[in-house]
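For ligands, and for the atoms within them, numbers begin at 1 and follow the listed sequence.
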Amino acid sequence: MSVIVQKFGGTSVADATKIRRAAERAVAAKRLGHQVVMVVSARGKKTDELVSLAAEITDKPHPREMDMLLSTGEQESVSLMAMAVHALGEQAVSLTGGQVGVLTDSSHTNARIESIATERMKRHLDSGAIVIVCGFQGTDDDLNITTLGRGGSDTTATALATVLQAEVCEIYTDVEGVFSTDPRLVPEARKLNQISYDEMLELASVGAGVMHSRSIEFAKKFRVPLRVRPAYSDEEGTLITPASDEADSVVNGVALIRNEARVTIGGIPDRPGVLSVIFSQMAERKIPIDLVVQDVSSGGVAEISFTVPQDDLAETLTAAQAAIDELGAGEIQSGTNVSKVSAVGVGMRTHTGVAAEMFSILAEANINIGMVTTSDIKISVLVDRNSADDAVLAVHRGFGLEKDQHPTPRIGFVKKISEVGDDQQKQAQLEQDVVARLTNMEDIVVSDVSLDQAQSRVTISNLPNSPGVASQLFSAVADGAVMVDMIVQNVGAKNRTNISFTVPREDLDQCLLLVRAVLEEWPDADLSFEREIAKLSVRGIGLRSHTDVGRKMFQALFQAGINVTMLNTSEILMSVVVSSAEGEKAHNCLHRAFDLNS
Ligand code: ADP
Ligand code: ASP
Ligand code: MG
């Protein structure tokens with residue numbers, strides 16, 4: 001008999017009427033002949049209330065006790081839900097994570113699932129009961145209660161769907177489905193009928209709060225068919241699938257992390273191993289850093305900047321201090337008045353000019369861009385917090401993502417250059433091979449490391465820090481049909497902007513001509529380039545949030561004595577640039593670090 005998992009979020013079980021409605025939905029599925037597992041979140045704002053209550057008592061609650069406290073919210077909802085099902089004349093049993101056998105590691109408040117027992121759930125399902133499971137929680141091997149991180153009930157649901165080989169995992173929530181951006185922020189946002197795992201994973205990781213990003217990791221790794229649906233109507237919602245049929249549009253979603261913080265560690269020695277120390281210190285505290293920029297060093301001194309969610313800032317500063325102590329020199333600066341805006345779309349793999357388009361859209365809206373990082377399906381920019389809403393709206397409109405529009409970029413730098421290749425299929429197969437060998441459900445999946453020796457690096461430093469600079473530069477390059485790959489931008493010392501990017505080596509000379517023409521306007525800017533570089537790309541699932549991937553990667557490169565000059569991180573791809581002479585060596589050492597066959 002087919003199993004269906006239905007997850008209900010907090011607002012969808014906020015009061016008795018909504019609980020009854022959710023119960024009716026499960027009962028209807030049961031009466032259609034399915035075995036039904038419900039995963040339920042804490043009611044309404046319950047988890048927030050519990051967090052505030054703890055804060056009234058202490059500002060440093062022990063994480064173990066936080067888990068003990070927070071897990072009660074879900075226990076309240078599952079019992080009420082079971083009563084609601086009973087009242088409808090069906091059998092039901094409510095179970096905590098521990099009673100099901102959701103085994104996690106011991107990282108309280110942010111635990112990862114190791115395995116899930118199915119016997120007890122199956123026994124109840126086979127006896128005809130609806131099984132109602134507390135989302136967001138498990139127990140470690142010493143029976144301590146753990147929680148999976150805020151929003152973690154989505155992850156419980158996809159994990160249960162995986163082990164029960166469910167036909168579908170339905171996520172019932174308070175909106176119609178997944179939108180092109182947060183519909184509460186941008187009312188003209190469009191509901192998507194489909195979105196790919198990769199896009200949803202990247203969007204969830206950069207602020208699309210509709211799904212917990214780790215739940216998409218599960219769905220992608222174990223090929224769980226996932227549907228996000230409204231709890232208040234019978235609309236079909238959004239299907240999250242291996243590949244979406246909206247691939248023709250270059251951007252499918254825009255996301256915002258409003259409360260981001262920026263950290264710069266300056267005055268550190270310019271030698272291999274600096275990134276390794278920083279990533280290791282962050283990984284120890286499970287802080288996923290983003291927009292990582294290593295600035296061109298001057299006088300043997302380097303500067304590294306990155307962003308973190310503002311809530312992680314205090315912990316990040318402790319980690320940064322520990323990194324400085326280890327490195328023997330350095331100073332930390334941080335700022336909080338910033339937000340991160342990201343555009344995501346698998347179409348970026350097959351189109352050029354998307355970055356130029358995005359920078360031009362922001363320039364037209366007179367919004368200054370502080371930092372930039374790109375990956376193969378994502379562009380993220382850091383902006384002042386007071387222009388964050390305008391930036392989201394501008395990017396959303398600029399790519400034509402509003403309701404009733406066919407998504408087409410408005411400015412016109414975007415050009416299609418290729419069809420989606422066999423690469424994606426090959427990649428999917430490699431991933432499935434790695435997944436089949438996992439011992440723990442949430443273990444790291446790194447499926448491939450590739451080496452590209454056909455690119456060059458261009459760096460322009462000392463540009464003015466004002467709206468429109470990146471736009472002018474990349475528009476010129478896009479006009480010349482030069483395909484830009486990795487881009488990083490930072491505003492460094494003296495409030496001047498530095499931009500680095502890579503281009504195909506055969507286009508380097510053409511690109512330099514185009515750039516020099518634009519630079520006439522900014523005589524202080526310095527142009528430099530490296531004709532022969534090696535770019536290494538590590539592919540996998542959940543790379544940024546599994547902070548251990550960065551740690552392993554930079555440790556391995558450091559141990560091989562290899563210096564990294566540029567890097568980009570995302571959930572599905574991490575790329576670094578090293579000198580061409582060290583390309584092969586770096587390739588081999590990363591293969592070894594991630595246990596891949598060459
Ligand atoms: P639940 O309690 O059901 O888990 P969440 O609050 O976690 O619900 O997620 C739903 C919310 O996510 C919506 O109310 C919406 O404001 C927000 N959201 C952010 N980005 C998006 C998006 N791209 N599409 C849909 N909803 C989004
Ligand atoms: N109740 C938890 C939270 O509010 C888990 C969830 O709702 O997914 O974060
Ligand atoms: Mg949620």
Salt-bridge contact [X]-[Y] (side-chain N to carboxylate O under 4.0 Å):
X: D312; Y: R285; value: no
X: D198; Y: K378; value: no
X: E235; Y: R229; value: no

Nearest option to atom 12 (O) of ligand 1, as decided by whichever heavy atom of L256, V210, V344 sits closest: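 Looking at heavy atoms only, V210 sits closest to atom 12 (O) of ligand 1.
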Examine [X] against ligand 1 and note whether any of their N/O atoms are separated by less than 3.5 Å.
X: S180; value: no
X: P183; value: no
X: D182; value: yes
X: K7; value: yes

For ligand 1, which atoms sit closer than 4.0 Å to a heavy atom of [X]?
X: G10; result: 2 (O)
X: V178; result: 24 (N)
X: F179; result: 22 (C), 23 (N), 24 (N), 25 (C)
X: G177; result: 24 (N), 25 (C)

Count the heavy atoms of every other residue, nucleotide or ligand shown that sit under 6.0 Å from NE2 of H86, and state whether that count exceeds 12.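 Atom NE2 in H86 is packed in, count exceeds 12.
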Shortest protein contact, [atom] (heavy atom only):
atom: atom 8 (O) of ligand 1; value: T173 OG1, 3.2 Å
atom: atom 14 (O) of ligand 1; value: R184 NE, 2.8 Å
atom: atom 10 (C) of ligand 1; value: D174 OD1, 3.4 Å
atom: atom 7 (O) of ligand 1; value: G209 O, 3.6 Å

Under 4.0 Å, heavy-atom basis, I'd like to know which part of E74 is in contact with ligand 2: side chain, backbone, both or neither.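 It is the side chain that touches ligand 2; the backbone stays farther off.
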Is the shortest distance from a heavy atom of G151 to ligand 2 less than 4.0 Å?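 Heavy atoms of G151 do come under 4.0 Å of ligand 2.
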Atom 18 (N) of ligand 1 protein-contacted (non-hydrogen atom, under 4.0 angstrom):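 Yes.
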